[in-house]
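Just so it is clear, the model here is predicted, and its values are computed rather than measured.
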Amino acid sequence: MIRFTEVHKGFGPKVVLDGLTLDIPEGKTTVLIGFSGTGKSVALKHIVGLLAPDQGAVSVEGRIVHELSPEGLAELRSQVGYVFQFAALFDSLSVEDNIRLGLARRGLDRYEIEDRIRDSLALVDLAGAEERFPAELSGGMRKRVGIARAIAFRPRYILYDEPTTGLDPVTSAVIDELMVRARRELGVTGVVVTHDMRSAYTVGDRIAMLYHGRIRQVGTIDEIRQTDDPVVRNFIEGRPTEDDRRLLEGTPS
Amino acid sequence: MTSPTAASSHRLERSITRLGRAGLATVQAVADVRTWAPHVIPQMRRLGVDSVPIALFIAIFTGIVLSLLSKYIFTGAVPLYFVGALVGKTVMMELGPVLTGLVLAGRVGANIAAELGTMRVTEQVDALETLAYNPRSYLVVPRVLAGVFMFPVVTALAMGVGVAAGWVTAINLLDLSTLEFVKGLRLFYRFKDIWFGLLKAASFGAAVTLAGCVQGLGTRGGAEGVGRNTTRAVVLGCEAILVLDAFWALVLL
């Protein structure tokens, strides 16, 4: 289980996480929703130790991430796949080398590595794209390669950072389907950061809304759909609040 | 309120801690041989071999100008075969290493800072970490080693070509024979002239590549940040070369 306990994180004077507490149970996909800039990606980066909390702790299976030794952190990262918002593929490497890079340190032999590359590309429907370079791929294909790279080493957890942002609705639906397929076929625990509610309802078992640096509400899809909380309701229904309206009125046409 | 003594002792403690952490991180990065070893030769080719044409171009014109300049200085005062001495000493001990270093600070320093800076802002460095790689081992160590090995090689070539350009100029434009030029060249020659120049070049290589890596990995804020840190890397590299040049002269001459 992944557990956030009273996590505080700021960048200079800006407070991003302000006492975030959240449990992410095994075997399910938890979707973290919230307005842009509310710290969803920052929260995700704490899970793999890319950021350390100013106060509080993030633990994975009881191990406090920011207290791990470099070896402990490497061991933790070998269990967590991370799909970045813009895929973060290595420009100078081909698709298969991007995936191979993640497999090279897992103690697999050459044949196993080749099998894993082939299987993970097949899972994201990109068989045959091995030799292509990231610059030759569309946005959707890059995200699929990012997912293939994350699932290739058979992680226990996969973290998706805004996997459908910037994609057309059809490609977004394909990515959603891949996330569902990854959980079903590989049995991984997923954490998805998104503000795309259609995607959240498709891939999530639970939804947690981050608001002003802490969890506003967490629950099943049905619980979130039927919420009485006006902030959550406005967000999931895409209705601007009075504050948002005032901002728009102040915007010159 | 904290007293000035306590504040400065706290600052000193923080600086020592930071230095200690940086030292430990460097030791860990260098110790991770299987990560950096495969990348040293490709980096030597990229940073060194690909820089040879521009270094030789500079060396040719340095040799020509030195030859003409020494004739202008010596005419009527010193025997003209001293042209060989001045060209040889100056190219081997000072202009060869320093001009080559400055040119490579522009080419190599900017190249490294822009590449790593782009990797940083597109989350490729974060992706490396999530794949359990130490970015210092994967990105920094091979580039610094390539700089330390290849700057002297490129400088040695530039020294040879610079002296040859001075010789061709002398025999064609200064009415000097080859024998006279060589006589001047050998007059004050010491083996130290060469190793002094090459040692300086190796230190320039370390400084320029380190400046590029530190600035590149420290990039924040998108394209603007990449541009800003690339400029800083070049400026820092050039400054380091001039400081190191004075340092070696002070210590070894």
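Residue B:Glu224 places its CD atom among 12 or fewer non-hydrogen atoms of other residues, nucleotides or ligands, all under 6.0 Å distant. Heavy atoms of other residues, nucleotides or ligands lying less than 6.0 angstrom from CZ of B:Arg136 number 12 at most. By the 6.0 Å contact criterion, CZ on A:Arg154 is enclosed, its count of non-hydrogen atoms from other residues, nucleotides or ligands being greater than 12. Atom CZ of A:Phe11 has more than 12 neighbouring heavy atoms from other residues, nucleotides or ligands inside a 6.0 Å radius.
Of the residues considered (A:Phe86, A:Phe84, A:Phe153), A:Phe84 shows the highest number of contacts with chain B, using heavy-atom pairs under 4.5 Å.
With a 4.5 Å cut-off on non-hydrogen atoms, B:Gln28 touches chain A through its side chain but not through its backbone. Only the side chain of A:Pro70 comes within less than 4.5 Å of a heavy atom in chain B; its backbone stays farther off. With a 4.5 Å cut-off on non-hydrogen atoms, A:Leu89 touches chain B through its backbone but not through its side chain. With a 4.5 Å cut-off on non-hydrogen atoms, A:Val80 touches chain B through its backbone but not through its side chain.
Between A:Asp91 and B:Met119, every side-chain heavy-atom pair lies at or beyond the 4.5 Å cut-off. Using a 4.5 Å heavy-atom threshold, the side chains of A:Leu101 and B:Leu128 count as touching. A:Phe90 is not listed as a side-chain neighbour of B:Thr122, based on a closest heavy-atom distance of 4.5 Å or more.
Between atom OG of residue A:Ser41 and atom CD of residue B:Glu123 there is a gap of 7.5 Å, rounded to the nearest 0.5 Å.
By the 4.0 Å N-to-carboxylate-O rule, A:Lys45 lies too far from B:Glu129 to be salt-bridged with it.
Within the 3.5 Å criterion, the main-chain N or O of B:Asp126 finds no donor-acceptor partner in the side chain of A:Tyr82.
In terms of heavy-atom proximity, B:Ala132 sits nearest to A:Ala74 at CB-O, 4.0 Å.
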